[in-house]
Structures are given as structure tokens and as C-alpha cells.
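Reading through the C-alpha cells given below for one structure.
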Amino acid sequence: MENAAFLPYGRQLIDDDDIQAVISVLQSDWLTTGPQVAQFEQAICEYTGAMYGVAVNSGTAALHAALHALGIAAGDEVVVPAITFAATSNSVLYCGAKPVFADVFTDTLLIDVESIEANITSKTKAIIAVDYAGHPCDWDALKAIAQKHNLSLVADSCHAIGAEYKDQKIGTLADITVFSFHPVKHITTGEGGMAVTNDTVLAEKMRAFRSHGIAVDTHQRDKDNAWFYEMTELGFNYRLTDIQCALGFSQLEKLDKWLVKRNELAQLYSPKLENGCATPLTCSDDVTNAYHLYVVRTKCRDELFLKMREGNIGVNVHYIPVYLHPYYQSLGYSKGICPNAEKAYAEIMSLPMWVGMHESDIDRVVRFFD
Ligand SMILES: Cc1ncc(COP(=O)(O)O)c(C=O)c1O
């Protein structure tokens, strides 16, 4: 059994349709800034219910574009959860602003609403909440705080495309919602991301930002027979290629089926873990979880982690509280500011969760917790 094939915690699934979609683009005129980009943006909008989608070359770029569009700048503070991938708070640093870490709820590891309020100051301009592991945050409570303090609200939903909060798909519950299409996520473009919004001005700002800060796009210039363009602010080259967008579009067609599979895998895990030494995070009744990750807490995490890795189970830990990273420590964040996050960090482990898995794979995993 110890020699069984390596079982990663997450991975992509690529079928012949995906491959054909990519080949078609390679044989076409447009490898980037072509029709596939608009088609993919439109498809994500239709899927999430958002009005505008801005495709970029990573979830990180989407977060950066979102904060830039919201006007986050030096002197501002943005509240972020302690348990997330570093990209969430790094995007605040990219804008010259200061991330302020809020603690998380112990049962879901989602940002704790009271901790957000406790961290709001006169400099706070925005909140980024993360739908950690695929479980939507309490968006009604977050919207209420944002409204009360006149703050922008960003959904880092890199873990949660297709998830639902009170029967509403993630995508329109914050001012801007951000997705990632990294291969471990629900659908992939290799690397890639998208920011969606219902706000015309924010969408236009993000569109310019992904292309050097140039407001008029290539197609408009072609239509107008004009060579003239102006760079009106400093942007980046954050564009996503047509090759990637075609892959994303093809993957999106399978997303609903894959979300059902992820939920089925979660339903298989939970009874099999019941009498063991690991407890899964809880899932609220008013959400449909997208299960990007299947996270359990266990007191003997370090010992089990090693044993499982030796047994070819690709368990992982998501995440070290961001402010404990050496870089953040060098910025002056002290240990102990988010006790729930630090306690959870010692106990959490992500078990394999991806759509190509079978019940026999789950059996291979759960036996370590007996
Ligand atoms: C919560 C969260 N935010 C942002 C990102 C950044 O996404 P990307 O890797 O596409 O840049 C990730 C990626 O893992 C993530 O997990």
C-alpha cells in the first residue's frame, strides 16, 4: 500500500475538448487580445451573474487590479483574514497600503466579523474577505460592516467559484469578486484569474490597469482606424492570452458537474472520519460549498503529515497565518495578534480533494486517522 501512486491534494482534469479548444486557438489569428478573451469573460459573467468580467493572468493580478480600481493607496489600511494565501495581503502592499489582519472563526476559518470591526481605524478603506476552502463568508454580515463604516468590500473567491451563499452564486456579493484559475483550483487556464463586478467604472479601471493603464483597447483602435492611444495612469501587462481563455471556457462547461463531484467526495470523507482523530471544518446550512480544499483539524498534525507523505498522500497545510511569514515579520507584525488563526495553523491539514478521485482514494487517506 505504501507504494501506491502519489495522491496530490489537488490537480487539474484536462479532457480532449479542452485540448481541441487550445489547438483551435493556436491555429487562429489571435493568440492574445482576441475573441476568446471576451468570450471567456462573458461566460464567467453569465455563470456568476456579474455584469463585467476582466480576465487577467493570475488571481493575484485580479486582486491587485481590484484594489487599484478601488483607489487603495499609500496611507490606507485594508483588513484581511490571517488565514489565507499571502497573495491576498500582498495585493494591499502592492498598492502601498497596509494590510491589517483580522482573526478567523475556529470552526470555518473564515474571517471573524467582530475581529474586523475591532481592527477598523480612520485609515481603513476596504475589507478583503476570503471564501476559504470554498466555503462562502457571511456576506450579509460583511456588507453590513462595510456599509456602516463606508468601506469597499472585495471577495477573494479564488477558492470558491460556483459556491452559493443563501442561494446566490458567488460573484455579486461584494464590490469586486476575484477568481483564480491555477491548476489546483476548480477550473484552470494554467495560470489566470478574473475580477468581476457590477460597477461600470471599476470594470473600466481594471481593464485599463491590465494593459499598461491604456484606456482604449486594440479593437476599438482598429474599428476607428486610429493609431492614437494614451496611457492615462500606470498599469501593468496583466493580460490573459486567448490560448488560456479558450481552455478556461472549455473547462467552465464542466464546472457544475465538478462541483457536484467535490461535494460527493466531501460526503464520503465526513462519515469515514467520524471516529478518527481528525475533525473536518464545519459547513453552514445556508451555503453550497465549492470544496476547493478539504481541511481537517487534528492534534497530531505534524506526525500524521509526515506519515501520510511517506505513504504517498500529498497532504498540505493551508495556510501559515500570513503575518508569521518572515517578510511580514520584517515589516513589524507581531506574533499573537490572531490567536484563533495561530492555534488552527498548528492543527490544520488539507486532504486530497479533486475531481478525478475515487472512493478507494479516500479510503487510502482516512485510514491514517483511525
Ligand atoms: C485565497 C487566494 N487568493 C489569491 C490567490 C492567488 O491566485 P493565483 O495563484 O492565481 O495568483 C490564491 C491562490 O492560490 C488563493 O488561494
Side-chain angles (χ1 to χ4, degrees), residues 8-12 40 44 53-68 78-95 99 101-102 104 108-111 126-137 139 142 153-163 170-171 173-174 176-196 206 209-210 236-241 244-245 247-248 251 262 281 289-295 314 316-323 325 328 341 344-345 348 350 353-354:
Y9 83 87
R11 62 155 293 161
Q12 73 281 5
F40 185 42
I44 293 283
V54 181
V56 288
N57 54 18
S58 69
T60 307
L63 281 166
H64 189 190
L67 294 190
H68 172 82
V78 177
V79 181
V80 299
I83 295 277
T84 183
F85 185 52
T88 312
S89 56
N90 288 352
S91 65
V92 180
L93 296 177
Y94 297 159
C95 293
F101 293 94
V104 293
T108 55
L109 305 188
L110 296 170
I111 193 163
I127 301 165
I128 310 179
V130 176
D131 294 319
Y132 174 77
H135 189 305
C137 296
W139 287 105
L142 291 169
L153 184 58
V154 174
D156 179 340
S157 301
C158 287
H159 293 188
I161 192 165
I170 293 296
L173 300 164
I176 301 177
T177 300
V178 165
F179 301 117
S180 162
F181 308 124
H182 180 276
V184 293
K185 301 298 185 335
H186 306 79
I187 59 170
T188 189
T189 57
E191 296 280 0
M194 199 177 296
V196 299
M206 292 192 288
F209 190 68
R210 77 166 163 195
F236 290 77
N237 179 353
Y238 276 164
R239 295 187 300 264
L240 192 64
T241 66
Q244 292 167 293
C245 287
L247 177 57
Q251 291 256 301
R262 284 177 181 271
L281 298 184
N289 198 322
Y291 284 111
H292 161 50
L293 301 171
Y294 193 81
V295 178
N316 222 315
V317 173
H318 298 94
Y319 296 93
I320 176 169
V322 178
Y323 60 84
H325 283 295
Y328 279 85
Y345 170 52
I348 51 178
S350 304
M353 167 58 83
W354 47 281

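Ligands are counted one by one from 1 in listed order, and the atoms in each one are counted from 1 as well. Quick note: numbers below take in every heavy atom, side chains included, and nothing from hydrogens, waters or symmetry partners. If you're wondering where the values come from, they're calculated on a predicted model, not measured in any experiment.
In this pair, His64 and Tyr238 present their aromatic rings perpendicular. The plane angle is above 60°, beyond the 30 to 60° band.
Protein residues with a heavy atom under 4.0 Å from ligand 1 are Ser58, Gly59, Thr60, Leu63, Thr84, Phe85, Ala87, Thr88, Val130, Asp156, Cys158, His159, Ser180, Lys185, Gly192, Tyr319.
A heavy-atom distance below 4.5 Å is found between the side chains of Ile128 and Ser91.
Applying the ring-ring contact (aromatic ring centres under 6.0 Å, His included) test to Phe101 and every residue at least two apart in sequence or in another chain returns Tyr323, Tyr328, Tyr333. Residues satisfying the ring-ring contact (aromatic ring centres under 6.0 Å, His included) criterion with His318, sequence neighbours excluded, are Tyr9. Considering only residues two or more places apart in sequence or on other chains, His68 meets the ring-ring contact (aromatic ring centres under 6.0 Å, His included) condition with Phe209.
With 3.5 Å as the limit, one finds a donor-acceptor pair spanning the side chains of Ser157 and Asp131.
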